[in-house]
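Here the structure is laid out as structure tokens; the discussion comes afterwards.
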Amino acid sequence: MDLFIYLFAALFSVLNPIGTIPIFVGLTQHDSKKERSRISLWTAINVFIILVVSFFLGEYVLSFFGISIEALRIAGGIVIATSGFSLLTGKFNKKRGVNKKVENDAQTRNDIALTPLAIPMLAGPGSISLLIAFYHEHQNTPEIIISVLAILAVAFSIFITLRSAHYLAKILGASGIVAISRIVGFIVIAIGVQYIISSIITIAKDNFT
């Protein structure tokens, strides 16, 4: 249960679906309620597939390119901490990797569930590196099952959040969303710093003991 809660909290913090609400509202403001629900569902499904593939195959990709798990953890920790710092200080890019051209293209297409919503706004380098490192440390069958369930729970929470995005935007308002994002940002920084510290300690033990 502790493993499930840890991975769910870490992924939810890094993905930060609350921070996606303003963008989702903007991209779907002219869509019907049924269409918004469909987009929310497929965004969650796409994120789930991306995260599961990263979880199971990411380590093999690292081996192919000759990247050590500790190097990945440090790089991932930096990306995660940087994103968290941006959230905490309120300087987070509101488009989350979406430039004007992509945004305009998204407005004219019927399906935005894969891009830009699933990639790059939700599933990004931070969550992918987190899962690769997590799989490296938890490879027995019960832990893998718990991890997949945690990823599924995160995907479901994304579906609920996006499906309620227009309602939440009205209730929370811009200031409420910013406040929640800053709280999440602090947690994300802690996760990133912990990854970096753990990697440095492991490297030091391997080389000096």
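Hydrogens, waters and symmetry mates are skipped; everything else that's a heavy atom, side chains included, is used. The structure displayed is predicted, hence computed values, not measured ones.
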How are the rings of F4 and F8 set to each other: parallel, tilted or perpendicular (split at 30° and 60°)?
->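 Parallel: the ring planes of F4 and F8 meet at under 30°.
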Please answer: with hydrophobic residues joined when any side-chain heavy atoms are less than 4.5 Å apart, are [X] and [Y] in the same cluster?
{"X": "V148", "Y": "I145", "answer": "yes"}
{"X": "I180", "Y": "V14", "answer": "yes"}
{"X": "F12", "Y": "L51", "answer": "yes"}
{"X": "L15", "Y": "V52", "answer": "yes"}
{"X": "I21", "Y": "I171", "answer": "no"}

Just by distance, with hydrogens left out, do S40 and R163 show a side-chain donor and acceptor under 3.5 Å apart?
->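 Checked: S40/R163 side chains show no N/O donor-acceptor pair below 3.5 Å.
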Quick one: do the Q194 and S198 side chains pair a donor with an acceptor below 3.5 Å?
->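 Per modelled atom types, Q194 and S198 side chains form a pair under 3.5 Å.
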Closest approach of [X] to [Y] (non-hydrogen atoms, all atoms of both residues):
{"X": "A150", "Y": "L7", "answer": "CB-CD2, 3.9 Å"}
{"X": "A123", "Y": "I50", "answer": "CB-CG2, 3.8 Å"}
{"X": "A10", "Y": "L130", "answer": "CB-CD1, 3.9 Å"}
{"X": "A169", "Y": "V25", "answer": "CB-CG2, 4.0 Å"}
{"X": "I191", "Y": "S13", "answer": "CD1-CB, 4.1 Å"}
{"X": "S157", "Y": "V154", "answer": "OG-O, 2.6 Å"}

Any side-chain to backbone donor/acceptor pair from [X] onto [Y]? Under 3.5 Å, distance only.
{"X": "E137", "Y": "F134", "value": "no"}
{"X": "T28", "Y": "D31", "value": "no"}
{"X": "S164", "Y": "Y167", "value": "no"}

So how far is it from [X] [atom1] to [Y] [atom2], rounded to the nearest 0.5 Å?
{"X": "L117", "Y": "I23", "atom1": "CG", "atom2": "CD1", "answer": "8.0 Å"}
{"X": "S54", "Y": "I151", "atom1": "OG", "atom2": "CD1", "answer": "8.5 Å"}
{"X": "I69", "Y": "I132", "atom1": "CD1", "atom2": "CD1", "answer": "7.0 Å"}
{"X": "I39", "Y": "N46", "atom1": "CD1", "atom2": "CG", "answer": "11.5 Å"}
{"X": "D2", "Y": "I146", "atom1": "CG", "atom2": "CD1", "answer": "9.5 Å"}
{"X": "E143", "Y": "Y135", "atom1": "CD", "atom2": "OH", "answer": "11.0 Å"}

Would you call [X] and [Y] a side-chain contact if the rule is heavy atoms closer than 4.5 Å?
{"X": "V47", "Y": "W42", "result": "no"}
{"X": "P17", "Y": "L162", "result": "no"}
{"X": "N16", "Y": "V188", "result": "no"}
{"X": "F55", "Y": "I144", "result": "yes"}
{"X": "E70", "Y": "H136", "result": "no"}
{"X": "L131", "Y": "L11", "result": "yes"}

Apply side chain to side chain contact (heavy atoms under 4.5 Å, CB included) to the pair I196 and R73, showing each step before the final yes or no.
-> CA-CA 6 Å; I196 295 171; R73 287 173 66 91; over 6 Å; no
Counting heavy atoms not belonging to R36, are there more than 12 under 6.0 Å from its CZ?
->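 Atom CZ in R36 is crowded, with more than 12 foreign heavy atoms closer than 6.0 Å.
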For Y195 and I74, run side chain to side chain contact (heavy atoms under 4.5 Å, CB included): C-alpha distance rounded to whole Å, both residues' side-chain angles, the deciding distance at 0.1 Å, then the answer.
-> CA-CA 6 Å; Y195 264 66; I74 292 175; over 6 Å; no
